[in-house]
A.B. asks: 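Below: one structure in structure tokens.
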Amino acid sequence: MSALQATDLIGVIGAGAMGSGIVQVALNAGHHVVLHDAAPAALDRGIASIADAYQRLQAKGKIDEATRLDRLARLQRGAHLADLAKAALVIEAIVENIDIKAKVLAEVEALLAPNAIIASNTSSLSVTAIAARLRRPQQVAGLHFFNPAPVLPLVEIVSGKVTAQAVADTLFATALAWGKVPVRCASTPGFIVNRVARPFYGEALRLLTERAADVTAIDAILRGSGGFRMGAFELMDLIGHDVNYAVTRSVYDALYSDARYTPSLQQKELVDAGWLGKKTGSGFYQYGADAVNPAVPFAALEAAPAAIVVEGDLGVAAPLAALAQAAGIAVNFVAGPGLLRIAGHAVALSDGRGATARFAADAEAGVSVLFDLALDYAKATTIAIACADQAPAGALAAVTGFFQALGKQVIVIDDAPGMVVMRTVAMLANEAAEVVQQGIASVQDTDLAMVNGVNYPRGPLAWADTIGPAVLQRVLANLAASYGEERYRSSPLLARRALTGQPFYREQAL
Ligand code: NAI
């Protein structure tokens, strides 16, 4: 498996945001690059944006003058498609329309050497369908960069139905040589990232629709407890609701209206209103100098307990015992079903049931307050808790005081099944398991894609291993029972892992 040589010419079609970024990646790796765009003004703008980007890098001291000039000298303005004729690899980054892409690529294919590779940066079209319109479909693959291409490391190498293995191998090795993190996947709707990420937005939108918590609370929980770099709502505002909603719609439509990807009316309302997020000044949040956004509804300070009881194995929440001791709270360990007893109140990690339903199902255990999953209970700054409708007076205050004593901000949410982080992570892991189950990508590549493409703090499958596949499968089964919806059905692979207890990363675990 060998990469293209630095002496190989790279052709890029489309001088917009993506094309201009991809040109920089290839120039940085030492290639000569020809950039073409159908609109001469767009071509000039693209070239100017590349020159600007290098100027900024030089101003910041990241590159010197000689490097900047060398890179720009290797960039050729391709006024005509024919200027790409000698390219070993052509990367297309034009408008997301299969007819236009296929027409331009067929034209360029006729000019290229037979062994040249044609790659599309499409984020939502079928690579198989694009390739099928060309004479040498085996030479065609997806090369899906993320925006901004010079900065974000992930590149999805997408094989269509008839893409030659050697072509995918060359692209993989080339992306690696370009300093990127390549992952392989099959041509399916959303590839890896745009598919596996859907629940991150979808569950937050559902929780909002159900009024489990407001936007600021859900974002604060995803950041402070889930360890995500950004909350779902601020991220959607940044991406733009027109774009994010369109991706959800396209994945939903392409997967034959599978309930897991159902778009949100809340988001459609924003799109209809023209509240597209940061770029229009309004989205879930308001932007600009005079913008006023609600504060995160952190709970008021409550008294810390002097002692708690840990009844049985807390699973992934086990570090809470040591954190309590470190905070000067006496901890008694006794046998039990895996819960905390705080001021006499039974408190448990969410298992996908609402607290009210859980209390009703097992009044003897009497779990009246639930807490949410954290990526790392020691590092979490925020913990969400929810209370059963039957909870005795004082339960919420006692649990709030406990987590506050551990140095956490507490957010009380309504009694929503699966809470925020647990539900989100269960659905992300489930989607990732589906991708693996269906042979779209490997366990490692799926996790790599989510960590490098959308900055998740941990790959969903590695995270599933930490929590335990059986725990997540139970969360999903309880969500499915709570809502009576297909949306929460378990991936067959997750269900199997749950039965045997085998982790997704079996090789490493053995
Ligand atoms: P853009 O709108 O910024 O740029 C597209 C460029 O293609 C324009 O300069 C336009 O003049 C040119 N163009 C249109 N038709 C052409 C033709 N027939 N021949 C030659 N040039 C033509 O678009 P952007 O955002 O750069 O996206 C390009 C592609 O990359 C799309 O397929 C998009 O789905 C994909 N993509 C976009 C990402 C993003 O975040 N913007 C991320 C990953 C992929």
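Indexing begins at 1, ligand by ligand and atom by atom, following the structure's order. Values reported hereafter were calculated over all heavy atoms of this structure, with side chains retained and with hydrogens, waters and symmetry mates removed. The first residue in the sequence is number 1, and the count goes up from there. It should be emphasised that the depicted structure is a prediction, and the values quoted were computed from it without experimental measurement.
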A.B. asks: Check the angle between the aromatic planes of H144 and F146 and answer parallel, tilted or perpendicular using the 30° and 60° thresholds.
C.D. replies: tilted
A.B. asks: Look at the side chain of D258 and the backbone N and O of L255, then say whether any donor-acceptor pair between them is shorter than 3.5 Å.
C.D. replies: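 The answer is no, because no donor-acceptor pair under 3.5 Å joins these two groups.
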A.B. asks: Report, in ascending order of atom number, the atoms of ligand 1 lying under 4.0 Å from any heavy atom of I13.
C.D. replies: 20 (C)
A.B. asks: Does any N or O atom in E92 lie less than 3.5 angstrom from one in ligand 1, N or O only?
C.D. replies: no
A.B. asks: May I ask you to list the atoms of ligand 1 that are less than 4.0 angstrom from any heavy atom of A42?
C.D. replies: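 Listed by number with element: 9 (O), 11 (O).
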A.B. asks: Considering only heavy atoms of H144, which atoms of ligand 1 have at least one such atom less than 4.0 Å away?
C.D. replies: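 Here the atoms of ligand 1 in question are 43 (C), 44 (C).
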A.B. asks: So, does N28 use its side chain to make a donor-acceptor pair with the main chain of Q24 at under 3.5 Å?
C.D. replies: yes
A.B. asks: Ligand 1 and A38, any nitrogen or oxygen pair closer than 3.5 angstrom?
C.D. replies: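 A38 vs ligand 1: N/O contact under 3.5 Å present.
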A.B. asks: Hey, which atoms in ligand 1 end up nearer than 4.0 Å to a heavy atom of G14?
C.D. replies: 7 (O)
A.B. asks: When you compare the side chains of E434 and N430, does any donor N or O come within less than 3.5 Å of an acceptor on the partner?
C.D. replies: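 N430 and E434 do not have a side-chain donor-acceptor pair below 3.5 Å.
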A.B. asks: Taking atom 23 (O) of ligand 1 as the reference point, report whether a protein heavy atom occurs under 4.0 Å from it.
C.D. replies: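 No; the ligand atom in question lacks any protein heavy-atom contact below 4.0 Å.
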A.B. asks: Which atoms of ligand 1 are found less than 4.0 Å from any heavy atom of N121?
C.D. replies: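 Checking each atom against N121, I get 30 (O), 35 (C), 36 (N), 43 (C), 44 (C).
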A.B. asks: Quick one: list whatever passes ring-ring contact (aromatic ring centres under 6.0 Å, His included) with H36, sequence neighbours left out.
C.D. replies: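 In terms of ring-ring contact (aromatic ring centres under 6.0 Å, His included), with neighbours along the sequence ignored, H36 is linked to no residue.
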A.B. asks: What's the shortest heavy-atom distance between P417 and G352, and which atoms?
C.D. replies: CB-O, 3.3 Å
A.B. asks: In the protein, what heavy atom is nearest to atom 33 (C) of ligand 1, and what distance, to one decimal place, separates them?
C.D. replies: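 Result: E96 OE1, 3.7 Å.
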A.B. asks: Atoms of ligand 1 less than 4.0 Å from N147 heavy atoms?
C.D. replies: 39 (C), 40 (O), 41 (N)
A.B. asks: Verify whether one side chain among D237 and Y287 offers a donor that lies under 3.5 Å from an acceptor in the other.
C.D. replies: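 Indeed, the side chains of D237 and Y287 share at least one donor-acceptor pair under 3.5 Å.
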A.B. asks: Would you say the rings of F228 and Y456 are close, in the sense that their centroids are separated by under 6.0 Å?
C.D. replies: yes
A.B. asks: What's the shortest distance from atom 5 (C) of ligand 1 to any protein heavy atom, and which residue and atom give it?
C.D. replies: A93 O, 3.8 Å
A.B. asks: So which protein heavy atom does atom 1 (P) of ligand 1 come closest to, and at what separation?
C.D. replies: G16 CA, 4.0 Å
A.B. asks: If only atom types and distance count, is the side chain of S20 paired as donor or acceptor with the main-chain N or O of A15 below 3.5 Å?
C.D. replies: yes
A.B. asks: Let's go through E92 and S120 carefully: what are the C-alpha distance in whole Å and the side-chain angles of both, what is the deciding distance for side chain to side chain donor-acceptor pair (under 3.5 Å) to 0.1 Å, and is it a yes or a no?
C.D. replies: CA-CA 5 Å; E92 164 282 308; S120 172; 2.5 Å; yes
A.B. asks: Should you measure from each heavy atom of I100, which atoms of ligand 1 turn up under 4.0 Å away?
C.D. replies: 18 (N)
A.B. asks: For atom 15 (N) of ligand 1, what's the nearest protein heavy-atom neighbour? Residue, atom name and distance, please.
C.D. replies: V95 CG1, 3.8 Å
A.B. asks: Quick one: ring-ring contact (aromatic ring centres under 6.0 Å, His included) partners of Y483, sequence neighbours excluded?
C.D. replies: Y488
A.B. asks: Any N/O of S123 closer than 3.5 Å to an N/O of ligand 1?
C.D. replies: yes
A.B. asks: Would you say M18 and ligand 1 have an N/O pair spaced under 3.5 Å apart?
C.D. replies: yes
A.B. asks: Please list the nearest protein heavy atom to atom 9 (O) of ligand 1 with its residue and the distance rounded to 0.1 Å.
C.D. replies: D37 OD2, 2.6 Å
A.B. asks: For L152, is there any backbone N or O sitting under 3.5 Å from a side-chain donor or acceptor partner on K180?
C.D. replies: yes
A.B. asks: Would you mind finding which of L152, I94, V193 brings a heavy atom closest to atom 31 (C) of ligand 1?
C.D. replies: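 Shortest heavy-atom distance from atom 31 (C) of ligand 1: I94.
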A.B. asks: Could you tell me which atoms of ligand 1, counted from 1 in the order shown, lie closer than 4.0 angstrom to a heavy atom of V104?
C.D. replies: 17 (C), 18 (N), 19 (N)
A.B. asks: If you apply the rule ring pair (Phe, Tyr, Trp, His ring centres under 6.0 Å), what do you find for Y245 with W275, and how did you get there?
C.D. replies: CA-CA 12 Å; Y245 181 73; W275 285 28; over 10 Å; no
A.B. asks: Can you confirm whether some protein heavy atom lies under 4.0 Å from atom 3 (O) of ligand 1, or whether none does?
C.D. replies: yes
A.B. asks: Heavy atom of K101 under 4.0 Å from ligand 1?
C.D. replies: yes
A.B. asks: Return yes when F145 approaches ligand 1 closer than 4.0 angstrom through a heavy atom, no otherwise.
C.D. replies: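 Right, F145 reaches ligand 1.
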